[in-house]
Protein chains: 2
Amino acid sequence: MTTAVTKFSRQRESIKEYLMNTKEHPTADAIYAKVRETFPNISLGTVYRNLHFLVEHGEIIKLSCMDGSDHFDADLSPHHHFVCKCCSRILDLDMEPIEHINTLANAHFKGRIEGNVTYFYGICEECSLAAEHDTPNGQE
Amino acid sequence: MTTAVTKFSRQRESIKEYLMNTKEHPTADAIYAKVRETFPNISLGTVYRNLHFLVEHGEIIKLSCMDGSDHFDADLSPHHHFVCKCCSRILDLDMEPIEHINTLANAHFKGRIEGNVTYFYGICEECSLAAEHDTPNGQE
DNA sequence: CTAATAACAATAATTATTACTATATTTACA
DNA sequence: TGTAAATATAGTAATAATTATTGTTATTAG
């Protein structure tokens, strides 16, 4: 039994590169649509397989939303996310770390708390403005 | 057109009653299995419809886990949850509220933050103990 | 009791994701 | 370089979870 070696793949590089150069937090489907511009016949399975690979190897992060959708992010710096209830976009938050809440959680807990997953939600700026101008969902 | 009135339903009551009397945080499937003991031919669709109904009407809460599974909870008091990486159970945490993190998040944010969803994760007490006794997953 | 309407069971359809397999790429090394 | 071994891919099929549809049953108001 030889140790499996990871080989280079243009498709995987393309996925990674797209994620590193966008501020969006796209879903597997959106990534598929984007990478298809470069590799017109890449398959959705390849996208999913590589996303899993990249998550497993700590090269990207998977964000699981309240609504059940998964989004991906190549920004590995510790930061928090905001989910707009209106347009469902995920935005980065510029805020102080909140790791101290783990200590609060541990106070009366018997097991071991290793960390937390936190999402903030509400209405993003664009959707607020759109609402004022009678454009309910940020749709043009 | 008369105003739609919500009629009584034994099935819905049964779902609600089960949720109110358990400390577990069951999934739709687990609820289906349980309620079927009372209503052998209730359909899964009915379970899903009623769970949505109850969530919509604020009678129960939906917990969307990192792993994509949805769990339900009839305990409406403000409290936080712990997800065990080992056995995937959800446990209630006895801790101080952490609403102040919304203020931190709002500091440099243009939109409106309405709240946050936070899950703590780690290894629960039972799984830790099981590991010590060579019973990896808490399975008997 | 009866009509109107809501809730039901059963099933079909949809969506997101994963598994499979033959072919194509990549890598190591002659 | 050229070639063989190993891994990755495209395309397709399969699965799982959820949502929608349809005809039937239960509940309620009059």
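Lettering follows sequence order; numbering is per chain, from 1. Please read all numbers here as calculations on a predicted model, not as lab measurements.
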| query | Atom CZ of B/Arg36 and atom P of C/dC8: how far apart are they, to the nearest Å? | reply | 16 Å
| Distance in angstrom units between A/Phe53 CZ and D/dT9 C1', rounded | 15 Å
| remark: Residues passing the salt bridge (Lys or Arg N to Asp or Glu O under 4.0 Å) test with A/Arg10, sequence neighbours excluded, are none
| query | Quick check: are there more than 12 heavy atoms from other residues, nucleotides or ligands sitting under 6.0 Å from CD of B/Glu96? | reply | no
| task | Have a look at the helix from C/dC1-D/dG30 to C/dA30-D/dT1 and give the angle its two end axes make, five pairs each, rounded to 10 degrees. | result | 30°
| said: Going by the rule side-chain hydrogen bond (donor to acceptor under 3.5 Å, both in side chains), which residues pair with B/Asp67 if we only count those two or more places apart in sequence or in a different chain? | reply: B/Ser69
| task | Kindly write out the residues that satisfy ring-ring contact (aromatic ring centres under 6.0 Å, His included) with A/Phe39, not counting sequence neighbours, or none if the list is empty. | result | none
| remark: Applying side-chain hydrogen bond (donor to acceptor under 3.5 Å, both in side chains) to A/Asn102 and not counting sequence neighbours gives A/Glu99, A/Asn116
| field | All salt bridge (Lys or Arg N to Asp or Glu O under 4.0 Å) counterparts of A/Glu114, not counting sequence neighbours | value | A/Arg112, B/Lys85
| task | Round to a whole Å and report the spacing from CD of B/Glu13 to C1' of C/dC8. | result | 15 Å
| task | Take the protein atom CG of A/Asn50 and the nucleotide atom C1' of D/dA8, then report the distance between them rounded to whole Å. | result | 8 Å
| Length of the CZ-C1' vector between A/Phe39 and D/dT9, whole Å | 11 Å
| request: State which residues pass ring-ring contact (aromatic ring centres under 6.0 Å, His included) with A/His108; sequence neighbours excluded, sorted by chain then number. | output: none
| Whole angstrom value for the distance that separates C1' of D/dA8 from NZ of A/Lys16 | 15 Å
| field | Residue pairs fulfilling salt bridge (Lys or Arg N to Asp or Glu O under 4.0 Å) with at least one residue in residues 40-60 of chain A, sequence neighbours excluded | value | A/Lys16-A/Glu59
| task | Figure out the CG/P separation between A/Asn41 and D/dA8, and round it to whole Å. | result | 19 Å
| Closest approach of A/His25 and A/Asp92, non-hydrogen atoms and distance? | NE2-OD1, 3.0 Å
| query | Nearest-Å distance, CD1 (B/Ile42) to C1' (C/dA9)? | reply | 9 Å
| query | Reading nucleotides 17-30 of chain C from the 5' end, what letters show protein touch, with B for base, S for backbone sugar-phosphate only, - for no heavy atom under 4.0 Å? | reply | BB-------BS---
